[in-house]
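Notes follow the structure.
Side chains included, hydrogens not; waters and symmetry mates left out as well; all remaining heavy atoms used. Naming convention: chains lettered A, B, ... in sequence-line order (proteins, then strands); numbering from 1 in each chain. What you see is a predicted model; the values in this text were computed from it and never measured.
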Amino acid sequence: DVKVTQSSRYLVKRTGEKVFLECVQDMDHENMFWYRQDPGLGLRLIYFSYDVKMKEKGDIPEGYSVSREKKERFSLILESASTNQTSMYLCASSSPVALREQYFGPGTRLTVT
Amino acid sequence: QKEVEQDPGPLSVPEGAIVSLNCTYSNSAFQYFMWYRQYSRKGPELLMYTYSSGNKEDGRFTAQVDKSSKYISLFIRDSQPSDSATYLCAMPGAGSYQLTFGKGTKLSVIP
């Protein structure tokens, strides 16, 4: 079974703090993704990575950066957290040779106060 | 027109009912389609997928594709309270790696 784990289930941070969200997958997948999910807006892609040290912007990259130093780990960084970044953050991974089905982690509920 | 549209619901049905969940899409090049299920406070999990050429049945779940109408459906027979979740359709996105997701339909099955 593919397992995608995220470093925290719930996180509360203050405005202006630098926030790190980490994601680890154990299936040797090349592709990894960060989404945020908000009521009424669905899943929105922030960034994705198709290889170590490679990254591509998704639909809403502003205010975020990412790091992928190892194949199994993909980090999302909020440089200076703002209240409008309060959301559920979901990490996913996939293999390019499969049907591109993505396997998701449990999510991190981030609240910025 | 958005690439994928899905009625957000919420949809509330009695236990045992047949449920129909639907998505429409705009890109006729899509070749296969997925349905994800997301329980409250959990990440989405792949429920089933189907190619554009036909339907697929898996237990109480049936996925259908109508290419001419660009319309896909997920049917749940004999719905159970454990089916209460948000269901998201997904299909290959613009890039080589991405999926395009519908916004999800929240389903509640009432005992």
>> My understanding is that a hydrophobic cluster links ILVMFWY residues whose side chain heavy atoms are under 4.5 Å apart, including indirect links. Using that, what else belongs to the cluster containing B:Tyr71?
In response: none
>> Keeping A:Ser94 on the side-chain end and A:Gln102 on the backbone end, is there a donor-acceptor pair under 3.5 Å?
In response: no
> Other than A:Val24, which residues form its hydrophobic cluster under the rule that side-chain heavy atoms must be closer than 4.5 Å?
Replying inline: none
>> Heavy-atom cut-off 4.5 Å, strictly under: side chain, backbone, both or neither for A:Arg9 against chain B?
In response: side chain
> Going by heavy atoms in the side chains, are B:Leu47 and B:Leu74 under 4.5 Å from each other?
Replying inline: yes
>> Quick check on the structure: residues of residues 67-78 of chain A within a heavy-atom distance below 4.5 Å of chain B, by number.
In response: none
> Among B:Lys42, B:Glu45, B:Arg41, which residue forms the greatest number of heavy-atom pairs with chain A at distances under 4.5 Å?
Replying inline: B:Arg41
> How far apart are the C-alpha atoms of B:Phe101 and B:Tyr36, what are their side-chain angles, what is the distance that settles it, and do they pass the ring pair (Phe, Tyr, Trp, His ring centres under 6.0 Å) test?
Replying inline: CA-CA 9 Å; B:Phe101 288 88; B:Tyr36 280 78; 5.5 Å; yes
> Which region of B:Pro44, side chain (C-beta onward) or backbone (N, CA, C, O), has a non-hydrogen atom less than 4.5 Å from a non-hydrogen atom of chain A, or is it both or neither?
Replying inline: both
>> Is there a side-chain contact between B:Ser79 and B:Val19 in this structure, where contact means two heavy atoms from C-beta onward sitting under 4.5 Å apart?
In response: yes
>> Can you classify the ring geometry of B:Phe30 versus B:Tyr25 as parallel (below 30°), tilted (30 to 60°) or perpendicular (above 60°)?
In response: tilted
> By a 4.5 Å heavy-atom criterion (distance strictly below it), what part of B:Gln38 contacts chain A: side chain, backbone, both, or neither?
Replying inline: side chain
> Which answer fits A:Tyr89, side chain, backbone, both or neither, if we ask what part of it has an atom under 4.5 Å from a heavy atom of chain B?
Replying inline: neither
>> Check whether B:Tyr49 forms a cation-pi arrangement with B:Lys56 (NZ or CZ under 6.0 Å from the six-membered ring centre, at most 45° off the ring normal).
In response: yes
> Linking Ile, Leu, Val, Met, Phe, Trp and Tyr through side-chain heavy atoms less than 4.5 Å apart, which residues share a cluster with A:Val12?
Replying inline: none
> Can you say whether A:Gln37 sits under 4.5 Å from chain B via the side chain, the backbone, both, or neither, judging by heavy atoms?
Replying inline: side chain
